[in-house]
Amino acid sequence: MSISLALPIPDAALEARLRARMEEVEKDLLGHVQSEAAFVTTAARHLMEAGGKRFRPLLVLLCAETGNADAEGVITAACVVELTHLASLYHDDVMDEAALRRGAESANARWDNHVAILTGDFLFSKSSELTAELGADAVRIQARTFSRLVEGQILETLGPEPGDDPLEHYLRVVAGKTGSLIATSALYGARFSGAPRDVEEALTQYGEKVGVAFQLSDDILDIASESEESGKTPGTDLREGVPTLPVLFAQRSTDPADARLLALLAGDLTEDALHAEALGLLRAHPAMAAARDYVLARATEAKELLTVLPEGPVRDALDAFADIVAQRTA
Ligand code: FPP
Ligand code: MG
């Protein structure tokens with residue numbers, strides 16, 4: 001198996017080590033989704049085999065480079081975060097009624113909502129079982145991460161309460177549904193490699209910020225990508241009526257030239273023609289550049305936390321990781 005890392009690593013030795021460790025993760029993941037019921041294995045493998053960037057396990061491995069990267073538990077922790085993420089995607093696609101994921105049919109489209117939900121549950125149970133191998137602290141961290149994922153997702157579904165600031169609400173959602181698991185990935189890498197406590201704390205905060213930047217980029221891509229290059233159907237958030245950063249920025253406009261866009265954004269965009277019109281106007285709006293700048297600022301904040309680390313290839317790679325996430329195109 002030849003793994004390509006979702007991150008260019010200029011240091012050849014670090015690259016080779018991460019590749020080899022990611023291959024172990026891939027192999028273990030396949031084993032972890034085995035069920036006694038053949039159909040469950042098929043359904044659980046479906047999205048795993050469809051691809052994915054494996055950002056979360058890669059971050060575990062990279063953060064583990066700040067301590068003893070070969071320590072027991074590092075690979076297990078990398079599998080835990082990918083399985084948790086995978087579980088959440090099965091559920092998320094049901095909630096979004098999404099047809100595509102990772103360039104493949106979503107599980108709900110391929111089978112149905114029941115299969116997708118139960119497969120997500122199966123994957124989450126596998127990730128919990130593995131977490132137990134990492135000890136009681138990890139179980140507590142996993143439970144807390146799960147609560148934050150669910151809270152973020154529910155807050156998104158409910159929308160802001162009257163009187164809430166919509167941007168603040170959105171950022172809370174993003175921190176919960178994505179910042180939480182990426183922060184946990186960084187924390188696990190530091191913790192299970194035995195990195196010093198100040199490094200662990202800085203990397204956890206770094207992960208939270210990178211996670212937020214990752215989701216904000218994802219939301220920008222949902223509007224900006226013209227095709228299904230992201231492996232998902234563009235414009236889903238708009239169709240679902242979920243206002244994301246570019247929409248929230250555009251909605252602050254008092255420019256009369258934006259009247260049509262604002263009227264569209266205030267209405268129902270499930271109809272194809274209205275959806276396409278709103279998407280076109282939004283893509284051309286300065287709110288897109290403002291949103292990209294906002295993400296870059298979050299990535300810069302994340303990188304500032306890395307000063308706790310000595311200069312060298314690991315810090316450079318974590319620095320590049322924040323940049324890649326903020327500037328992603330897929
Ligand atoms: C993707 O958001 C969704 C998440 C990052 C989190 C989803 C969390 C749950 C469904 C809670 C249940 C969790 C588990 C572990 C069973 P998105 O729809 O904005 O992104 P997308 O563009 O990738 O669909
Ligand atoms: Mg979704």
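All values below come from the heavy atoms of this structure, side chains included, with hydrogens, waters and symmetry mates left out. Start at 1 and go down the list; that is how both ligands and their atoms are numbered.
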Can you produce the list of protein nitrogen or oxygen atoms under 3.5 Å from a nitrogen or oxygen of ligand 1, alongside each distance?
{"residue": "ligand 1", "atom": "2 (O)", "partner": "K177", "partner atom": "NZ", "Å": "3.3"}
{"residue": "ligand 1", "atom": "18 (O)", "partner": "D92", "partner atom": "OD1", "Å": "3.2"}
{"residue": "ligand 1", "atom": "18 (O)", "partner": "D92", "partner atom": "OD2", "Å": "2.9"}
{"residue": "ligand 1", "atom": "18 (O)", "partner": "D96", "partner atom": "OD2", "Å": "2.9"}
{"residue": "ligand 1", "atom": "19 (O)", "partner": "K177", "partner atom": "NZ", "Å": "2.7"}
{"residue": "ligand 1", "atom": "19 (O)", "partner": "Q215", "partner atom": "NE2", "Å": "3.1"}
{"residue": "ligand 1", "atom": "22 (O)", "partner": "D218", "partner atom": "OD2", "Å": "3.0"}
{"residue": "ligand 1", "atom": "22 (O)", "partner": "K232", "partner atom": "NZ", "Å": "3.2"}
{"residue": "ligand 1", "atom": "23 (O)", "partner": "R101", "partner atom": "NH1", "Å": "2.7"}
{"residue": "ligand 1", "atom": "23 (O)", "partner": "R101", "partner atom": "NH2", "Å": "3.4"}
{"residue": "ligand 1", "atom": "23 (O)", "partner": "K232", "partner atom": "NZ", "Å": "3.0"}
{"residue": "ligand 1", "atom": "24 (O)", "partner": "D92", "partner atom": "OD2", "Å": "2.9"}
{"residue": "ligand 1", "atom": "24 (O)", "partner": "R101", "partner atom": "NH2", "Å": "2.9"}

Practice problem: Quick one: list whatever passes side-chain contact (heavy atoms from CB on, under 4.5 Å) with A77, sequence neighbours left out. | Solution: V60, L134, Y188, F192
Self-check item: CZ (R172) with more than 12 external heavy atoms under 6.0 Å
Solution: no
Practice problem: Could you grab the protein N, O or S atoms closer than 2.8 Å to the Mg ion (ligand 2) for me? | Solution: D92 OD2, D96 OD2
Quiz item: Would the W111 and F39 ring centres measure less than 6.0 Å apart?
Solution: yes
Practice problem: With V33 as reference, evaluate T119, L83, V40 under the side-chain contact (heavy atoms from CB on, under 4.5 Å) test and give the passing residue. | Solution: L83
Exercise. Output yes when R148 and E208 qualify as a salt bridge under the 4.0 Å nitrogen-oxygen rule, no when they do not.
Key: yes
Quiz item: Among all residues two or more places apart in sequence or in another chain, which pass the side-chain contact (heavy atoms from CB on, under 4.5 Å) test with T178?
Solution: R56, I182, F214, Q215
Quiz prompt | Aromatic Y294 / basic R298 pairing, under 6.0 angstrom, 45° off normal | solution = yes
Exercise. Verify the ring-centre separation between Y90 and F122: is it less than 6.0 angstrom?
Key: no
Quiz item: If you measure from the Lys or Arg side-chain nitrogens to the Asp or Glu carboxylate oxygens, is any gap between K177 and E151 under 4.0 Å?
Solution: no
